[in-house]
Structure formats: C-alpha cells, structure tokens
Amino acid sequence: MVDLPNCPKCNSEYTYEDGSLLVCPECAHEWTLGSESNEDEMIIKDANGNVLNDGDSVTVIKDLKVKGSSSSIKIGTKVKNIRLIHNPSDGHDIDCKIDGFGAMKLKSSVVKKA
C-alpha cells in the first residue's frame with residue numbers, strides 16, 4: 001500500500017488519490033503531491049503584478065478572440081466576481097461569467113485588477 005501524506009489543511013490521515021490529485025474526505029481539500037510545501041504556486045497575479053483573490057473584479061487589457069464566435073471580448077470589459085483556478089492544466093487560471101458571452105476561462109496575464 002502507498003503511504004499518502006496527511007491533509008495539509010486539517011491533518012487528516014484519510015487522504016486518497018483521485019487521478020493526479022490528492023483529496024481529503026474530511027475537509028474536501030484537493031492538492032497535488034508536492035504543492036502543499038510551495039505556497040508561491042497558489043498566488044495568482046494580474047498583468048500588473050497585483051495579487052488576485054476569489055470574488056475580485058478585473059478588467060480585460062486587450063481584445064480577446066473567442067473560439068466559436070464571430071465577436072470578441074473588447075479591451076476594457078469589466079468582469080465581476082472571478083473564481084481562481086489553482087494549478088490549471090491549460091494555463092487559464094480565472095473562471096468567470098462575461099455578460100454577452102457566458103461562462104469563460106481567462107488567463108491572468110490578460111487582465112488587471114479593477
């Protein structure tokens with residue numbers, strides 16, 4: 001049997017693997033092996049270097065083409081109530097809803113904190 005580490009949040013010993021993630025059934029914390037020791041990976045910054053948090057509002061700093069749509073997201077579009085995605089697989093680390101486009105993922109390098 002593989003020895004899995006305790007949960008970094010609640011120190012539970014009942015962690016289990018789910019694909020590439022480790023999951024704690026007691027507090028529902030998910031992490032990848034090795035990420036619990038490097039807190040710098042968890043900080044997501046905008047294009048100007050400001051730290052972003054869940055619930056922040058951001059402004060798009062350049063026009064963005066949208067796949068499957070003839071229109072684009074224009075510079076200056078304000079996005080409210082963002083959710084951060086830690087350890088994204090595709091580089092898109094912001095999950096949000098944009099008026100006129102719906103649910104979307106953005107990269108933090110194309111937004112600034114509003």
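As the structure is a computational prediction, the values presented were derived from the model and not from experiment. For reference, positions follow the sequence shown, starting with 1.
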Distance (rounded to the nearest 0.5 Å) between C24 SG and N6 CG: 9.0 Å

Distance (rounded to the nearest 0.5 Å) between N50 CG and S108 OG: 11.5 Å

Transitive ILVMFWY side-chain link I73 to I61, under 4.5 Å: no

Minimum heavy-atom distance between M104 and D95, given as atom pair plus value: O-OD1, 3.3 Å

Full working for side chain to side chain donor-acceptor pair (under 3.5 Å) between S72 and D63: CA-CA 7 Å; S72 63; D63 288 344; 5.3 Å; no

Pairwise side-chain contact, P8 with H29, heavy-atom cut-off 4.5 Å (strictly under): yes

Atom CG of D99 with >12 non-hydrogen neighbours under 6.0 angstrom: no

Separation of K105 NZ from D93 CG (nearest 0.5 Å): 10.5 Å

same_hphob_cluster(V23, I85) at 4.5 Å side-chain heavy-atom cutoff: no

Any donor-acceptor N/O pair, N48 side chain to K112 backbone, under 3.5 Å: no

Any donor-acceptor pair under 3.5 Å from T59 side chain to A114 backbone: no

Shared hydrophobic cluster for L22 and Y14 (ILVMFWY, side-chain gaps under 4.5 Å): no

V79 to K97 - nearest heavy-atom pair and separation: CG1-O, 4.1 Å

D54 side-chain N/O to L84 backbone N/O, donor-acceptor pair under 3.5 Å: yes

Distance (rounded to the nearest 0.5 Å) between I82 CD1 and L52 CG: 5.0 Å

Rounded distance (nearest 0.5 Å) linking atom NE2 of H92 with atom CG of L106: 7.5 Å

Closest non-hydrogen atom pair, W31 against P5: CZ2-O, 4.3 Å

Least distance between heavy atoms, T15 atom then C7 atom: CG2-N, 3.6 Å

From OG (S57) to NZ (K113), nearest 0.5 Å: 10.0 Å

Sub-4.5 Å side-chain heavy-atom contact between V51 and I44: no

L64 reachable from V66 in the ILVMFWY side-chain graph, under 4.5 Å edges: yes

